[in-house]
Every structure is written in C-alpha cells, then in structure tokens.
Amino acid sequence: MGLTHSLARYAVRHTHVMVVEVPGHWLTRAAVERHILDRGWRLAPSPGDADVLAVCGTPRAQLAAVVTRLWDQMPGPRARVGIAAPHLVEAALSGAEDELLDVARQQADSRSRPDAPQSPDHDMGAAMNHGAEDGMSHSDHDAHAGHGGMTDEHGGMDHGGMQHAGHGGMDHAGHGGMNHGGMDMAPAGIPLARSGEDRDGLEMDVLHLRLGPALPYWPAGLVLRCSLQGDVIVDAEASLIDPAEHRSGYDAGQADALHQAARRCDNAAYLLALAGWEDGASRARRIRDSLLLDADLAGMTEDLDRLRRAVKRSWVLRWSLRRLRPLTDDDLTRQGLPSHLRGDTRDRLLSMLARAAADLAGSAVRVDRPRLVPLGSIADLVCGLDLGAARLVVASLDLEPFTATTEVVHA
Amino acid sequence: MTLQTVLLVAAALFSVGLYGALSQQVVVMVMMGLELMLNGLIVAAAGFWWFLAPDPSGQVLLLVIIAAMTVEMAMGFAVATHLHRVRRVDMTDMAADLNG
Amino acid sequence: MITHISFWVFAVVAVLSGAAVFWVNSMARASYALALSFIAVGLQVLLLHQNYIGVVTILMMVMEMAVMAVYMVMFMGMNPALMPMNMVHDKRHALAAAVGAFLLLAAGAVLIPWPARRGTPPAGVTVALGEELMGPKMLVMAVVGAVIAATIVAGVVLAAHRTRYDRLGDDLRRRPANDPQPGGVGR
Amino acid sequence: MPDSAVSAGSALAAAGILGLLAVLAAVLDGFLTARAAGGGPSGLSRPVGEVARLMRQRRRTTVAADTLLWRIGSAGLLVMALMIVTVVPLGEWTLFDLDVGVIWFNAMDVLAWAFVWLTGWGANSTHSLVGGYRFLAHGLAYELPLMFGLVAPAVAASSLNVGTVADAQQDLWFVVWMPVAFLAYGTGILAIAVWGPFTPALGTDIAGGVTAELSGVDRLVFQGGRYALLAAGAAFAVPMFLGGGAGPLLPGWAWALVKTGALLAVFVWLRRRLPAVRPDLFMEVGWVVLLPAVLVQDLLVAVVAVWRT
C-alpha cells in the first residue's frame, strides 16, 4: 500500500492535462496552461494521454457532448474539472490532484466502466477508422448530442462480426468493383470506407474527420468537417459549435491593447507549436503570460522583438512555412479577408508578431470594427492541403476568439 | 540439421506458397504465395550450398534469388497500382474477365 | 545442440507463419505473418553460415512486407477490424496441387542419394562472397543491377499518373513545376 | 556456445547500459523542456514520474482495433533498440560480433517501418493512421540516405564488421572526412526514433498522431523505445564515425560511453532547436538533395579507399 501510494504521489506530480476551451474563455485557458506548466505538469494532446480534463468555461449542448466523449476516452485514473474564471484555476487543479490521489474513488470509477471500448455510433456514414475514438471529432450529430451516455444503449450489443456472418464465402468476382461501398460490411459496427476519385487518379478511400472543437492548438469553437483521402483534405465545411450560445459568459477585458498583444502571442504560440518548434512556442507563451500578468512593457517589447528575429532567422521554419497557401491582394478581396493576411504562412506569422509589437507600442492603427474572416473562406483555404499544412494555415489566420456572430470570425 | 531436414522445410514452405498462389484471388495475396515459394527456394539453396558445395560462387545464386524477389514484388506493386488506376480492380479473376 | 534446437524452432515458425498467411482473416496480419516467415528463414540461413545472405533476406523482406501492408490499407480500405476475407477460388485443386508438390519434393529430399560435400567453406564467407561478386561473377551482379534499374524505371512508369509533360508543360520549360503538392526543394 | 551464462550476463549488462542511457536522455529532455517552459520544477525527475504515471494508468483499447498488431507495434521499437546494441562494441567486448554487423543494423532499422506504422494503423483511429502515413513519408526520404551513409565507413574500412570499422579509424575519425554520410546517418537516427524534426508522425496537430490512442504501459513502452532507439543510434555512430573507443587516458569502453552520451545529448538538444520538417517537403529533399549527396560521398570514399591500397 505504501508503495502504491508513493507511486501515486510521484505520478500525480507529472500529471498530463487535456484542456478544452469553451469559446470566449481563452483567458481562463491561458491561466490554466500557465498553472499547469508552473506545476511541472504537461498538456496532453489527446484524451488517451490525459489524466485530467480541464474544461474552461461552461460548455453548452454540443460541446458538452464532446466533453462527455473525451471523458469516456480517458484511460483513468482520471479527474475532471470545470473552471469558470482565471482566478479559480489554482484551486481547481489542486482539487484534480486530490481526486487523482483518491485511490478508492479511482477504483470505483474504474469498476463502473465497461471493459470493452464503446461501440461507435452507427449513423456516422461511410468512414473507416473513426469510431468514437477520434475523440476530437463528430459530435454534432443531433441524434447524438442528446445522449451523452451512449455506452448503456450499445454496450451490450454484440458487434463482433455479426453483420457479416453471411459473407464468409462470398463470391467477389460477381461484385463488380470490390469497393466495399455497396456491401453491407461493417466490422464492429463501423462501415468500411467508400472510395472516391482523388487527385492522383487513384481511387482512395474517403475518411471523414472532424477537426475541432476540442483539439490542441485549434481555435476554440471552430469545427471543420473534412473529407480526407490519405491525409489530404478534399472537401471541408466550417461551422461554429453551439452557435446560439455565444452571447454570454465572456472573459472580460478583451479590448485593451495588452490583451490584444497577448492574444497575438497566443496565436503565434499555437502556430509555432504546430510547426513543431517547441522553444519558439514556449517563448511566445511566456510573453503572453507576462503580458497578461504584469506590465513590464519595455522587457516585453524586447522579448517580442527577439522572438521575431529568431523566427526570421530560422531557415527550417522558413522552408516549412513559405509557399504555404499564399494569398495575394486579389485573393484577400475575393475571400473577404483582412489585409494583414497577405503573403504565405510565414509572412502571416511575422505579421502576427509585428501586430503584437504594434499593439504593445500603442501605435496600432485602431480599426473600429476589425475585418472579419468569413467562416466559409476557412474551409476554402484548407481544401487540397494535407492535414498538417491545413492546421498551419488555420493557425496562421490569427483568429480572434469567437464572438456573438455565427457567420464570421473576427480577425 | 541435415540436408534432408533443410530440404523438407524448404518443401513445406514451397507447397504452402503454391497453395496460396493457386487459390488466392487478390493480386497481392497471389504475390505473397509466390514470395513464399521463393522463400522455400532460399532455404533449399542455402542448404545445398552448405552441405554440398560450400564455395563462394554458390552464394551468388542466393543473391540472384533475392534480387528476383524484389523485382517481382516491385513489378507486382506497379502492375497492381496500374490495374487499380485504370480498372478499379484488385483481383486476378476480375482482371482476366475484363481483358479484351 | 543450440544450433539444432534453434534450427527446428525457426523451421516451425517459418512454416506455421507461412501457412498463417493464407489462414488469417486480415490482410495486414497476412503480410506480417509472411514477414515473420522470412525472418525465420533469414535466421536459418544465418545458421547455415551465410551471414550476409541471411541478414539481407531479413532486411529486404521486412521492408517489402511493411510496404505491402501499407499498400493494402491504402488501396483496399482494410481497417484493423478483422473483416473475414475468404477470397479463394478453386480451393480443392489448389490444396491437392500443394499436397502433391510437397509429397514429391519431400520424397525427393529424402530418397535421392545426395553426394558428399565437395570442398570446404572459405574462412570468411562474406569476404569470399564479395570477392566472388567483384571478380569472376561480376557479370551476374552487373546484370542484376541493370535489371533492378530497369525495374525501377518500368515500375514508376506503370504506376505513375503524371508525366513530366504534365508537370513541366509541353516544352518542359515551366518553372516551378505544376504539382498538386509542391516539393521541398522548390524546383 | 560454452559460456552462454557469461553472454547472458553481458546481454543483461548491455540492456542495462542502454536503459541507463535512455533514462539519461529522458532526464536531459525533461530538464530542457522545463527550462524552456520557465518557472516550475526542474524537470529532472520527469522520466521517473512519467514511468510512475503510466504504470498507474489503465491500458485502453479502441473499437475494432487490431490489438495484437497494435501492441506488437508499440513494443517493437524497444526490441529494435536492443537488437541494434548487440553488434555495437564496447571497448573490447561485443555481444554478438557478427561479420556483417553494418547490414544487421540496417535490417533492424527497417523494422521501424513496420512497428511505427502498426502502432498508427492498429488503433483504428484517423489521427493515428495519419501519423502512420507521415512516418512512412519520412521513411521514404530518410531510409536510402541512411543506408548509403553507412556504406561509406564500411567501404573505407573494407569490412562490414562494426569492430573492424572502429579499428580502421586510428588515424582519422571517419566523421572528419565523410561528414555528409554522418549527416545522413544522424538524420536517419532522428527519423527512426521519431524524434526532433521528425516528430510530425507524433504531431500535436493530429492529437499525438501515432501515439494518440496509446495509454498506460503501451505508451510507456513506445516512448521508452524512442529514447532507447536514440541511445542505440548514438551508440552505433561511435564505432562507425567517431573512432570507437579511441581516445587518450581513459580505457576504450569509457570513451565509447562518453562519446555515445555526448552524441545522445546533441540529439536530445536538437529537438528543441529545430522546427519539424513537414513530410511532404522532406520527401523531395531526401531524394533530390540528400541521396545524391550521399552517393557522391560514397564515390569519394571509394576512390580514396582504392587509391590507398
């Protein structure tokens, strides 16, 4: 018992936390991230890696369903905290720590869960490889949003292979194309992928993947429904989660210049993290935290400048971000995008940092109503890119936290 | 480990491969059958070399077998990709039916 | 003693996993079963003192099977769910042919009076192989090399969709090339 | 084998040394990560804490996963690393003094193709499948330069035996006059360990990629395997490029360990310095830049080797 307990204490000191941000609560999320790193904890990229699920803000219907699903996918020992405002973070994380250490409670939790993984939803349409496990994905199905505890409904069914008991010795020669599509084959309840024409003239399987709303380094509230071939996005459709709910529950104080600058740094940290440059991302995050906490403006300006120079100097970064979805002035007008998004992804990263510096210096040209990024153009921008490139492009759009509108996103 | 036992193992591998090559429908599975037959050949050739004539030139034969396997595999993949592209077909029977 | 035991272990593994190729339901498992069979054979060849050949067999075949598994997942939509796939035709005849072949070969292996060993193995088997390849048998290697080069070209031509004319225009002058996915060198 | 007890003992010792190096790499990585994050604990206890955490965590399975192949994949990297160090000489000892040790290394490193792919594919999840694809895209670019990079020292030493290659560097370390081959080798090692610039397969943009669905002991073994591979790769570079155990004062085994540790530290440090290289871009670099460069290096080495005899 002593050993188990000291093991647990040691384990909890290195907890991994999956953070879910309810749109509008980015300040809370930033505070959570800061506290996590201060404790020596880590951010988890997926529920499979997470011990604690930290929800910033109060999720509404659709997001609540997503959170439930994430919670179901966490291996356990696990703890779940809802954090409504930045000053509650410390207490919430300590509570999570205690919960993780509460062996009896974790054992009870573990016993109450089904051994077998839950079966995926059956209404997902043709999609290989995406059971309930995609985690980040598919929540908008209305049929679904209502019943968070789908386990009970499906848990007892035998999905093992009953759907295709009759297919044992089938004669495939008669089946025209063997595309699986028309056949009623669905091992474990997941229909096999259907194939579609791809850009290389090969008929690759089409997977359906939903990016967001709870994905690391992804703008909160945005959902991008993609059709993938391999990892290339052939079709995408953007929407906001819980669109009607965006009117209330904001972190206050978004207007002032420091917060604007912090927001730019937050976006830059996202983009740098997605580009795989950990040091750069950490630096951007530290600048953000300092901006939110204290106002040593001179030091901040210097740090920001140094980061910008480092970004400019890094040739691997230039190599991997240049020529990535370049936007000309014509493109910007056609898509209705703000002018600071001109150039390729690297230009946009530099302009992001430049805007932060300008905000700090107080010299920002204040536009009364900032130009908006239409939702539809986000989808257009990522079509034809592979998943990684698409993530970089979305991060480079320098989005504001979503506000009350459903059509557009502030930029 | 004698020549006879080595050859028995080789024969077993070869026959399993033969069964697969004759019975399977999917192009790739047929290729696997062929590979397994060549696998048996490798064992047999290695056995012959060691137990009958362990001079250097015998090993060259083995290298040739391995090269043949890779060539067969590479061409198999290329042909299968081509078939897939032009006919959406991945089975031998279907390729034959559509022929002409 | 250890040699004998491991020989038999490898033999059993090789044959059983070879049989498993056509026994298991999933194609991914089939190709990795074949890879296992090749690894066992490669180790057997090691036991037969042909180190280079044995290790090269493992190297080549594991790679091939890894590629093969990916190929199947990409083109055939195999997902890890074990889909019972029983795609055989003419199973009975194939089985008969296989059993017949085995009996014939086994009879040959056991009954033929194999001659006694001629010559002795060279001290450094791998060195001897290298010298052989770069000396008397150089022609073989040259031919194999040419065949493999031809295979690469033929394979790419067969499998590729676009030609250089699609990329670079009819006069091959377009720079940078028109690719759906730009490369990293910026040609 | 008359002294199989001795060799079993030294096998355990080799595994222990490899494990120690892997832990040191993890400690260093934890320290550097904590320093970059600023504030908070030093991060030195990170590996131990992670082990405790993952030992305590439940193992999960996913719907319709091919559990057998998935688990084999996640455990495989560790096995690969152990197999690689069997042919690496430590001072005068080598566990398995194979005359074709260099090819043995190659045979083991292609196993990464199977194992990483299986880990990504077996979970039956889109994110980890995409991670698997990314690894293969990197693999297509790094594998041939890695193999041809190892040809250079073998040609210069006229041997495929790792110990002989090390002994051939008494006058001049191979890294000095075949830097391109060493670069290609280092690239390959980072790539098979899915480390540093080659982490897109585990990218946060796809929720951890290959590792997205791993938890508990499976994740522990996979991550441990990555560190072990990094350590094994550094250990193998020492006899191939860095003069083996050659060095003043200290005995051979100590020098081998020191060099391994230094190279390993560089590998770990690189992760923080370099952004990820996107697989689609690196593919062309691998074939159009790296491979020809390594082939030219091989040609030069071959010419020098012929001229010296």
Side-chain angles (χ1 to χ4, degrees), chain C residues 1-3 6 24-29 31-33 35-36 38-39 42-43 46 49-74 78-83 123-127 129-131 177 179-187, chain D residues 1 4 62-70 72-73 87 98-118 120-126 128-129 132-133 135-136 139-141 143 147 158-161 277-289:
Chain C
M1 187 59 199
I2 289 178
T3 317
S6 33
V24 295
N25 282 326
S26 133
M27 288 207 217
R29 287 192 178 184
S31 51
Y32 284 104
L36 184 62
F38 274 115
I39 290 176
L43 292 172
L46 271 182
H49 300 266
Q50 289 152 92
N51 296 350
Y52 181 78
I53 308 277
V55 177
V56 160
T57 307
I58 298 175
L59 164 62
M60 305 281 273
M61 294 310 147
V62 168
M63 189 91 171
E64 259 187 39
M65 291 307 128
V67 172
M68 181 178 260
V70 176
Y71 173 93
M72 290 190 300
V73 171
M74 285 200 315
M78 285 298 299
N79 69 11
L82 296 179
M83 173 74 66
V125 176
T126 309
V127 175
L129 172 63
E131 277 166 359
D179 288 328
Q181 180 83 51
V185 179
R187 288 175 305 145
Chain D
M1 297 209 177
S4 56
T62 54
V63 178
D66 191 331
T67 315
L68 174 70
L69 290 183
W70 189 35
I72 289 178
V87 295
L98 193 63
D99 61 344
V100 290
V102 179
I103 309 292
W104 176 260
F105 174 85
N106 272 340
M108 291 305 118
D109 79 54
V110 297
L111 287 175
W113 285 58
F115 290 140
V116 179
W117 164 257
L118 279 181
W121 171 81
N124 194 27
S125 138
T126 309
S128 63
L129 179 71
Y133 281 139
F135 179 79
L136 293 173
L140 284 173
E143 190 65 55
M147 287 184 173
S158 324
S159 170
L160 289 171
N161 179 282
V277 298
R278 285 166 50 207
D280 46 335
L281 299 182
F282 184 65
M283 182 93 80
E284 198 177 46
V285 174
W287 282 89
V288 176
V289 179

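Not counting sequence neighbours, the partners of D:Phe105 by the ring-ring contact (aromatic ring centres under 6.0 Å, His included) test are D:Tyr185, D:Phe236.
Every pair tested for side chain to side chain donor-acceptor pair (under 3.5 Å) that includes a residue from residues 52-66 of chain C fails, sequence neighbours excluded, so the list is empty.
In terms of non-hydrogen atom pairs under 4.5 Å with chain D, the most contact-rich of C:Val67, C:Asn51, C:Ile58, C:Ile39 is C:Asn51. When each of D:Trp287, D:Trp104, D:Trp113, D:Phe115 is checked for heavy-atom pairs under 4.5 Å with chain C, D:Trp113 comes out on top.
At a 4.5 Å heavy-atom cutoff, the contact between D:Leu111 and chain C is made by backbone and side-chain atoms alike.
The two residues D:Asn106 and C:Leu59 have their closest heavy-atom pair at O-CD1, 3.5 Å. Closest non-hydrogen pair, C:Ala66 versus D:Ala114, comes out as CB-N, 4.1 Å.
Taking the side chain as every heavy atom from C-beta outward, C:Tyr32 and D:Leu118 approach each other to under 4.5 Å.
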